[in-house]
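As structure tokens, the structure follows; a few thoughts come after it.
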2 protein chains.
Amino acid sequence: MLKRGLERGEVLRALGEVFRAHGYEGASLTLITEATGLGKGSLYHLFPGGKEQMAAEVLAEIDGWFERHIFAPLRTADDPARAIAAMIAGVDQYFHSGDRVCLVGMVALGSARDSFAEAVDGYFARWQTALASLLRRSGLTTSQAQRRAEDALLTIQGALVLSRARGDAKIFRRALSDLTARLLAPPA
Amino acid sequence: MLKRGLERGEVLRALGEVFRAHGYEGASLTLITEATGLGKGSLYHLFPGGKEQMAAEVLAEIDGWFERHIFAPLRTADDPARAIAAMIAGVDQYFHSGDRVCLVGMVALGSARDSFAEAVDGYFARWQTALASLLRRSGLTTSQAQRRAEDALLTIQGALVLSRARGDAKIFRRALSDLTARLLAPPA
DNA sequence: AGGAGATTGTACCGATCGGTACACAGAGTC
DNA sequence: GACTCTGTGTACCGATCGGTACAATCTCCT
């Protein structure tokens with residue numbers, strides 16, 4: 001039972017990459033065994049719920065990463081400019097400057113959405129709320145802050161889609177840079 | 001051979017909805033026969049190239065629709081405000097105010113991207129060029145126009161993703177409305 | 001009417017799908 | 001060294017995958 005906790009984290013990261021690369025439906029058990037190095041026996045031992053549980057745990061782990069590195073800092077920060085820069089840097093890092101796709105957004109578009117609707121909605125909801133709370137502290141009204149946070153999330157998602165579609169990661173970096181300015185702009 | 005040309009259009013529309021609803025990988029031949037009312041015999045008679053040809057023709061038809069209703073008007077319009085309003089209205093109509101997902105963006109994110117890379121890239125490239133040409137005529141520099149057009153496409157895609165993820169089509173409509181203002185704003 | 005070509009449903013193909021069964025391997029305990 | 005108990009590889013399951021074969025049908029032309 002070699003260090004289960006650690007192993008599971010590794011497995012989840014590999015699973016995440018497979019789902020990102022092939023989508024939920026496209027990630028066959030064959031691909032999954034190749035990517036994780038685990039046979040079906042181990043896989044179903046670790047995830048008795050099968051593919052659905054794997055995807056659910058991957059989404060949960062992504063959610064956890066963002067909670068720790070993005071959401072929580074936003075909620076507690078007192079310097080808006082610094083907090084926003086940190087969020088943008090974290091996002092840039094997580095998405096490998098546009099080379100990596102957002103699994104949550106991908107799931108949202110696909111037919112697997114219904115199975116993971118709560119996780120998908122919760123992820124974006126908490127992000128928006130955390131960012132809006134920071135923006136409100138920086139002087140915006142509640143509705144301005146919410147609207148601007150919504151714009152930020154949508155911009156990030158759109159930049160990922162367009163970067164991927166055009167095969168040009170620079171689009172993503174440009175969008176992040178513009179977004180920073182837009183988030184820091186004084187209330188309209 | 002009952003009105004082949006017309007029939008094919010109908011079939012392509014049905015195919016588009018199936019791909020939109022289930023993605024390229026998820027759209028099984030069973031689902032396709034159900035959605036189109038056509039047996040495998042007819043399907044493979046109409047599309048000897050199988051699923052890949054179906055998807056390619058669907059993408060081409062989408063491209064054609066946008067070419068006719070969005071791109072061409074942008075290129076020839078002389079009133080920027082009116083042209084942008086028309087584009088936004090067309091986009092709102094096409095995506096059913098956020099209820100419908102963008103198949104091109106979906107393909108771009110999935111693993112089928114490589115098979116349709118050219119079609120996907122061309123779609124966005126032509127859109128961006130057409131919009132940028134209008135914006136340049138409205139007084140922006142070439143690079144300002146290109147950047148602002150890029151922002152428009154990315155906003156639309158992101159709004160579709162986020163609307164879907166949160167199950168709230170109002171996000172899409174808000175984004176379109178904001179986008180209109182942003183596109184018409186004077187050069188920075 | 002009857003032949004030609006377009007169109008269709010159905011049976012079928014091998015491959016692969018997600019998932020299960022189960023025999024076995026290692027490590028810890030006594 | 002036998003007894004667990006957690007892991008693991010492998011064979012196998014029925015279902016479904018995308019695709020093919022082909023005979024039956026339909027439509028049109030003469």
Side-chain angles (χ1 to χ4, degrees), chain A residues 1-59 103 106-107 110-116 119, chain B residues 1-59 103 106-107 110-116 119:
Chain A
M1 66 200 86
L2 18 135
K3 41 199 163 126
R4 281 237 316 236
L6 209 75
E7 285 280 357
R8 179 170 274 256
E10 301 272 328
V11 172
L12 284 178
R13 280 202 303 129
L15 281 174
E17 295 309 322
V18 183
F19 283 126
R20 242 183 285 272
H22 301 91
Y24 179 72
E25 353 262 351
S28 69
L29 286 227
T30 306
L31 286 170
I32 290 175
T33 57
E34 283 170 6
T36 58
L38 265 43
K40 289 189 181 185
S42 321
L43 245 16
Y44 275 84
H45 179 73
L46 281 152
F47 306 96
K51 232 173 104 170
E52 182 153 343
Q53 184 184 351
M54 296 179 209
E57 290 204 21
V58 167
L59 288 178
L103 183 56
M106 214 171 157
V107 169
S111 54
R113 194 197 85 96
D114 296 349
S115 310
F116 307 105
Chain B
M1 69 197 85
L2 20 136
K3 41 203 163 114
R4 279 240 312 239
L6 210 74
E7 285 279 358
R8 178 169 274 256
E10 303 271 330
V11 172
L12 284 178
R13 281 202 304 129
L15 281 175
E17 295 309 323
V18 184
F19 283 126
R20 243 183 286 272
H22 300 91
Y24 179 72
E25 353 262 350
S28 70
L29 286 229
T30 306
L31 286 169
I32 291 175
T33 56
E34 282 170 8
T36 58
L38 264 45
K40 289 190 181 185
S42 320
L43 244 16
Y44 276 84
H45 179 73
L46 281 152
F47 306 97
K51 233 174 105 168
E52 182 154 342
Q53 183 183 352
M54 296 179 207
E57 289 204 22
V58 167
L59 287 178
L103 183 57
M106 213 170 156
V107 169
S111 54
R113 194 198 86 97
D114 296 350
S115 311
F116 306 106

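No experiment lies behind these values; they were computed from the predicted model shown. Letters A, B, ... are given to chains in the order of the sequence lines, protein chains preceding strands, and every chain is numbered from 1. Reckoned from all heavy atoms, side chains included, excluding hydrogens, waters and symmetry mates.
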Atom-pair distance ([atom1] on [X]; [atom2] on [N]), nearest Å:
X	N	atom1	atom2	result
A:L43	C:dT20	CG	C1'	14 Å
A:L46	C:dT20	CG	C1'	16 Å
A:L38	D:dG7	CG	P	11 Å
A:I32	C:dC17	CD1	C1'	12 Å
B:K40	D:dG18	NZ	P	8 Å
A:L29	D:dT16	CG	P	16 Å
B:H22	D:dT16	NE2	C1'	15 Å
B:L31	D:dG18	CG	C1'	13 Å

Notebook entry, point to check: Under 4.0 Å between a side-chain N or O of A:H45 and OP1 or OP2 of D:dT8?
Noted result: no

Note to self: Below the 4.0 Å mark, does C:dC17 have OP1 or OP2 next to a side-chain nitrogen or oxygen of A:S28?
What the structure shows: yes

Next item on the list: Could you tell me which non-hydrogen atom of B:I32 sits nearest to which non-hydrogen atom of B:A27, and how far apart they are?
Entry: CD1-O, 3.8 Å

Checklist line | Taking every non-hydrogen atom, the tightest pair across A:K51 and A:F19 | finding: O-CZ, 4.2 Å

Checklist line | 5′-ward residue of the pair A:P48/A:T30 relative to DNA chain C | finding: A:T30

Notebook entry, point to check: So A:Y24 and A:F116, would you call those rings parallel, tilted or perpendicular, with 30° and 60° as cut-offs?
Noted result: perpendicular

Check: Given C:dG9, C:dG19, D:dT8, which nucleotide is nearest the side-chain atoms of A:S42?
Finding: D:dT8

Item checked: Minimum-distance nucleotide (side-chain atoms of B:Y44 versus C:dG18, D:dG9, D:dT20) -> D:dT20

Check: For the atom pair CD (B:Q53) and CG (B:L15), what is the distance rounded to the nearest 0.5 Å?
Finding: 10.5 Å

